[in-house]
Amino acid sequence: MTTKSLPFPLTGDQSFYEALGDWIGDVFYDILPEKGLELRDEQIFMAFQLEQAFKKKSILFAEAGVGTGKTLAYLLYSIPYARYTGKPAIIACSDETLIEQLVKKDGDLQKIEDLLGLSVDVRLAKSREQYLCLKKLDKATSKGDDEELDEVYEQIPDFVHGNGSMTSFYPYGDRKEFPNLNDDQWKQVNWDSLQDCLSCDVRHRCGQTLNREHYRAAGDIIICSHDFYMEHIWTKDARKREGQLPLLPEGSAVIFDEGHLLEFAAQKALTYRTSLSNLSLILEKLTSNDIREKTLYLIDRIVEQHDEWFAAISKHADYESGAERRAIARHDEVIVNSKKLKASIDQLLEELVFESELYVIDEYDLKIVEEYLELVLFSLKLLVDDDGAIIWLEESGDDETLVIMPRLVEEILREEVFSKKIPTIFSSATLSVKEDFSYLAKSLGIDDYDAFSVSSPFDYEENMDVTIHLTDEFEKGEKEALLLNSHQGGSLLLFNSREDQDLFRFGYSHELEGSSSLFFEGDEEISTLVEKFQHETSSIFASHHLWEGLDVPGLSLSQVIIDSLPFPPKDPVFEAKRKHSEDPVHQVDLPYMLLRLQQGIGRLIRTSSDKGSVHIFLGDEEQKWLDEITAILPVTPTIAK
């Protein structure tokens with residue numbers, strides 16, 4: 001890492017924080033106005049709060065409305081602080097889309113460089129699933145039945161296949177480099193948890209490895225997703241024990257952009273996943289080796305027991321709630337099958353020790369098998385022994401996945417993230433419900449924090465109108481199609497789940513006029529879809545994830561349609577939260593929904609010149625929340641029946 005000089009002089013009679021404060025004042029009161037930027041009181045207030053958080057190395061909830069300039073404010077503090085401490089600041093965004101938005105052309109980072117004459121060393125650290133896996137690519141292209149995957153192979157740099165010098169290596173293999181692949185195609189060639197990178201014979205030529213080496217050397221800022229930051233927290237000790245570097249270097253400060261979503265990233269990272277199909281695929285690696293007949297019989301028995309185990313789990317899973325995560329009852333049949341499978345896997349691991357001494361098994365295959373069997377064993381132990389574990393079943397196509405979360409995430413977050421004495425900033429337009437931050441703080445295990453809330457400087461009464469449609473499910477799709485057909489600009493259609501998005505796609509998208517381009521989340525790489533949507537002023541974007549982070553100003557996004565209220569699902573994770581609250585509806589469900597709804601509405605007005613409409617559809621069961629919804633809207637809505 002190259003340490004750059006501070007963007008201001010530091011004399012002997014001033015502390016760093018005094019000099020930083022003076023420089024920030026000069027930037028906001030003199031430099032930026034001279035460059036034609038508007039002086040905003042809300043931004044100045046936020047800057048003062050940030051200064052105290054960096055000085056005290058404390059946790060700060062910075063809730064600032066759209067247009068406040070919160071990103072610019074936290075960047076102005078992060079860059080000098082990184083240079084002063086010699087460690088990069090880490091900015092964790094809610095998803096990969098926000099990462100791209102932050103570094104896009106004419107984004108806040110480029111504005112800082114242009115306005116202040118700074119050269120900022122910022123590098124992206126993406127989740128492992130966002131990188132190409134050479135092993136999986138070889139396997140996928142060997143089938144020879146997908147021309148687009150063959151084109152991916154042709155894009156691989158020459159040094160990957162040759163014996164070029166290390167000096168010729170450069171980062172490659174980012175998901176964004178293959179925008180035409182849909183999500184299903186990408187899953188055939190990207191990294192997944194079954195890949196043992198440590199034992200891989202091409203790891204030093206792997207795009208993921210080269211990207212890791214690249215961003216670790218960042219001098220000012222590393223930008224990653226919430227998912228990746230939490231994966232770093234969850235794996236850092238294990239990686240150190242294995243002689244590997246943690247996924248991220250030690251940071252000087254952490255900024256959680258759209259910080260209200262961090263809990264869900266933590267839940268995703270702190271889980272153990274075991275799929276129905278993976279064990280058979282993994283054990284096939286062993287049967288292709290010259291192993292003893294006794295071991296082969298044991299493998300056949302484990303595959304059979306594994307199928308019986310999943311059959312019992314599926315039999316006692318909750319299929320009535322309709323949630324993606326199906327709760328699993330700890331029925332006696334599940335426990336008995338779990339114990340049988342655990343005993344057989346323990347026996348197989350002992351046999352593999354003997355097999356390895358005979359040197360008849362490929363070392364790479366053996367490493368993958370042992371690690372996966374250890375994962376299954378840990379899952380079995382949690383299922384049998386830990387009454388506090390949260391367990392559910394997920395279905396995807398023909399496969400099923402058992403997912404186990406050891407405990408509520410706030411306990412781990414409190415110890416591993418928020419006990420560190422570094423500046424930690426949560427930035428979002430929605431961190432509180434009516435300026436009460438307790439819901440978010442409690443969910444994350446944060447006991448001591450500072451907080452403030454400033455409203456948006458935009459004139460919503462002049463530039464936004466909101467209509468709440470009281471309707472039933474049978475009329476909703478047709479009314480949404482009418483709104484989309486009659487609108488002259490771009491529309492964002494937000495759904496609460498992939499299933500709701502698919503219902504509209506297959507039930508009503510045929511009613512949309514062909515003059516507008518129609519984009520559905522999942523059809524291509526997400527930032528590529530956003531870019532296409534932004535450049536077509538009359539297109540339609542249907543999404544179930546982009547309730548936050550989407551920044552498309554102007555006519556390209558001048559209508560937001562909210563298909564239904566974004567309540568949390570009736571799944572085991574939220575059921576655990578409900579179980580530990582005195583009033584589940586008002587302490588869990590309603591705050592979550594109102595925060596997410598505010599974010600969705602916030603996609604509309606992104607600059608002071610934007611204008612547009614928001615349409616919120618309420619079914620019969622949702623209409624009882626009309627008063628709560630109206631209270632958080634920036635304008636008085638029109639009620640349509």
Side-chain angles (χ1 to χ4, degrees), residues 94-95 97 129 182-187 227 261 264 267-268 271 273 275-276 313-314 317-328 390-403 469 471-481 483-484 491-512 518-524 526 529 540-550 560-575 578 588-589 592-593 595-597 599-600 603 615-623 625:
S94 61
D95 57 30
T97 309
E129 294 87 350
N182 62 37
D183 287 355
D184 290 334
Q185 289 172 312
W186 178 246
K187 286 178 182 178
D227 286 349
L261 295 175
F264 310 110
Q267 291 170 342
K268 181 178 177 181
T271 56
R273 307 178 69 87
S275 87
L276 173 60
I313 288 170
S314 184
D318 175 18
Y319 287 89
E320 296 182 3
S321 67
E324 292 181 11
R325 298 167 171 171
R326 305 188 189 283
I328 297 170
I390 306 168
I391 306 172
W392 67 89
L393 188 69
E394 294 179 357
E395 292 181 327
S396 177
D398 297 330
D399 202 12
E400 295 178 318
T401 301
L402 176 70
V403 189
H469 301 263
T471 185
D472 59 39
E473 291 295 323
F474 299 103
E475 298 176 336
K476 181 171 64 174
E478 292 182 1
K479 289 183 176 181
E480 289 171 348
L483 287 170
L484 293 167
S491 299
L492 174 66
L493 185 53
L494 288 173
F495 298 93
N496 197 24
S497 68
R498 177 65 179 266
E499 288 73 22
D500 289 346
Q501 179 181 308
D502 288 343
L503 281 174
F504 180 85
R505 178 175 195 160
F506 298 115
Y508 298 97
S509 62
H510 66 278
E511 297 185 14
L512 301 178
L518 181 56
F519 305 113
F520 281 92
E521 179 184 341
D523 285 353
E524 294 182 49
I526 188 69
L529 286 175
I540 299 167
F541 197 159
S543 172
H544 58 284
H545 276 136
L546 294 179
W547 290 79
E548 53 277 307
L550 184 65
V560 174
I561 298 176
I562 294 174
D563 177 76
S564 60
L565 296 181
F567 277 104
K570 301 293 184 182
D571 69 12
V573 174
F574 279 98
E575 286 301 328
R578 295 179 183 108
V588 178
D589 294 347
Y592 173 95
M593 183 275 288
L595 281 173
R596 198 158 174 80
L597 182 62
Q599 281 288 336
R603 298 313 97 210
H615 297 271
I616 304 171
F617 282 82
L618 300 185
D620 295 337
E621 290 296 316
E622 298 174 321
Q623 293 174 20
W625 304 115

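For the single chain, residues carry numbers from 1 onward in sequence order.
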Asker: Quick one: list whatever passes side-chain hydrogen bond (donor to acceptor under 3.5 Å, both in side chains) with Glu478, sequence neighbours left out.
Answerer: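 Applying side-chain hydrogen bond (donor to acceptor under 3.5 Å, both in side chains) to Glu478 gives none.
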
Asker: Would you indicate whether the side-chain heavy atoms of Leu518 and Arg505 approach each other to under 4.5 Å?
Answerer: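 No. Closest side-chain heavy atoms not under 4.5 Å.
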
Asker: Do you know which two heavy atoms are closest between Gln623 and Thr471, and how far apart they sit?
Answerer: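 In terms of heavy atoms, the two residues are closest at NE2-N, 3.8 Å.
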
Asker: Would you compute the distance between atom NE2 of His544 and atom CG of Leu494 and round it to the nearest 0.5 angstrom?
Answerer: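 That separation rounds to 11.0 Å.
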
Asker: Between atom OG1 of Thr401 and atom CG of Leu393, what is the distance when rounded to the nearest 0.5 Å?
Answerer: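 CG of Leu393 is found 7.5 Å from OG1 of Thr401.
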
Asker: Answer yes or no: is there a donor N or O on one side and an acceptor on the other, between the side chain of Asp472 and the main chain of Glu475, under 3.5 Å?
Answerer: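 Yes; at least one donor-acceptor contact below 3.5 Å.
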
Asker: Quick one: closest heavy-atom pair of Glu511 and Ala481, and the distance?
Answerer: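 Shortest heavy-atom contact: OE1-CB, 4.0 Å.
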
Asker: Taking all heavy atoms of Trp547 and all of Ser564, pick out the closest pair and write down the distance.
Answerer: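 For Trp547 and Ser564, the tightest heavy-atom pair comes out as CH2-O, 3.9 Å.
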
Asker: Go through the structure and list residues passing side-chain hydrogen bond (donor to acceptor under 3.5 Å, both in side chains) with Asn182, not counting sequence neighbours.
Answerer: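 Result, side-chain hydrogen bond (donor to acceptor under 3.5 Å, both in side chains) vs Asn182: none returned.
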
Asker: Can you confirm whether Ile616 sits close enough to Leu565 that some side-chain heavy atom of one is under 4.5 Å from a side-chain heavy atom of the other?
Answerer: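 In contact.
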
Asker: Taking all non-hydrogen atoms of both residues, which atom of Pro568 and which atom of Tyr592 are closest, and how far apart?
Answerer: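 It is CD-CD2, 3.2 Å.
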
Asker: Taking side chain as C-beta onward, heavy atoms only, is Lys476 less than 4.5 Å from Leu503?
Answerer: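 Side chain of Lys476 against side chain of Leu503, heavy atoms only: no contact under 4.5 Å found.
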
Asker: For Arg326 and Ala317, work out which heavy atoms get closest and say how close.
Answerer: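 So the minimum-distance heavy-atom pair works out to CB-CB, 4.3 Å.
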
Asker: Can you find a heavy atom in the side chain of Ile313 that is under 4.5 Å from one in the side chain of Ile391?
Answerer: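 A side-chain contact under 4.5 Å is absent here.
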
Asker: One thing to verify: whether Arg596 and Glu548 come together as a salt bridge, which I'm taking to mean a side-chain N less than 4.0 angstrom from a carboxylate O.
Answerer: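 Salt bridge: yes.
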
Asker: Taking the side chain as everything from C-beta on, heavy atoms only, tell me whether Phe617 gets closer than 4.5 Å to Leu483.
Answerer: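 Phe617 reaches Leu483 side chain to side chain.
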
Asker: List the atom of Phe567, the atom of Asn496, and the distance in Å for their closest heavy-atom pair.
Answerer: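 Scanning both residues, the minimum pair turns out to be O-ND2, 3.2 Å.
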
Asker: Measuring from atom CZ of Phe504 to atom CZ of Phe520, what distance do you get when rounded to the nearest 0.5 angstrom?
Answerer: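 Here the rounded value is 6.0 Å.
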
Asker: Name all residues meeting the side chain to side chain contact (heavy atoms under 4.5 Å, CB included) criterion together with Glu524; count only those two or more places apart in sequence or in a different chain, and write none if there are none.
Answerer: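 Scan of Glu524 (side chain to side chain contact (heavy atoms under 4.5 Å, CB included), adjacent residues dropped) gives Asn180, Thr528, Leu529, Lys532.
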
Asker: Does some side-chain heavy atom of Asp563 sit less than 4.5 Å from a side-chain heavy atom of Glu480?
Answerer: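 The answer is yes, as the side chains (C-beta and beyond) meet within the 4.5 Å cut-off.
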
Asker: Drop me the distance from Leu493's CG to Phe519's CZ, to the nearest 0.5 angstrom.
Answerer: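 Result: 14.0 Å between the selected atoms.
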
Asker: Measuring from Ile562:CD1 to Phe495:CZ, what's the distance to the nearest 0.5 Å?
Answerer: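 Reported to 0.5 Å precision, the distance equals 11.5 Å.
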
Asker: Does this structure show an ion pair linking Arg498 with Asp502, if we count only N-O contacts that are shorter than 4.0 Å?
Answerer: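 Judged by the 4.0 Å cut-off on N to carboxylate O distance, Arg498 and Asp502 do form a salt bridge.
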
Asker: Supply the atom-to-atom distance Leu512 CG to Leu484 CG, rounded to the nearest 0.5 angstrom.
Answerer: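 Rounded to the nearest 0.5 Å, the CG-CG separation comes out at 5.5 Å.
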
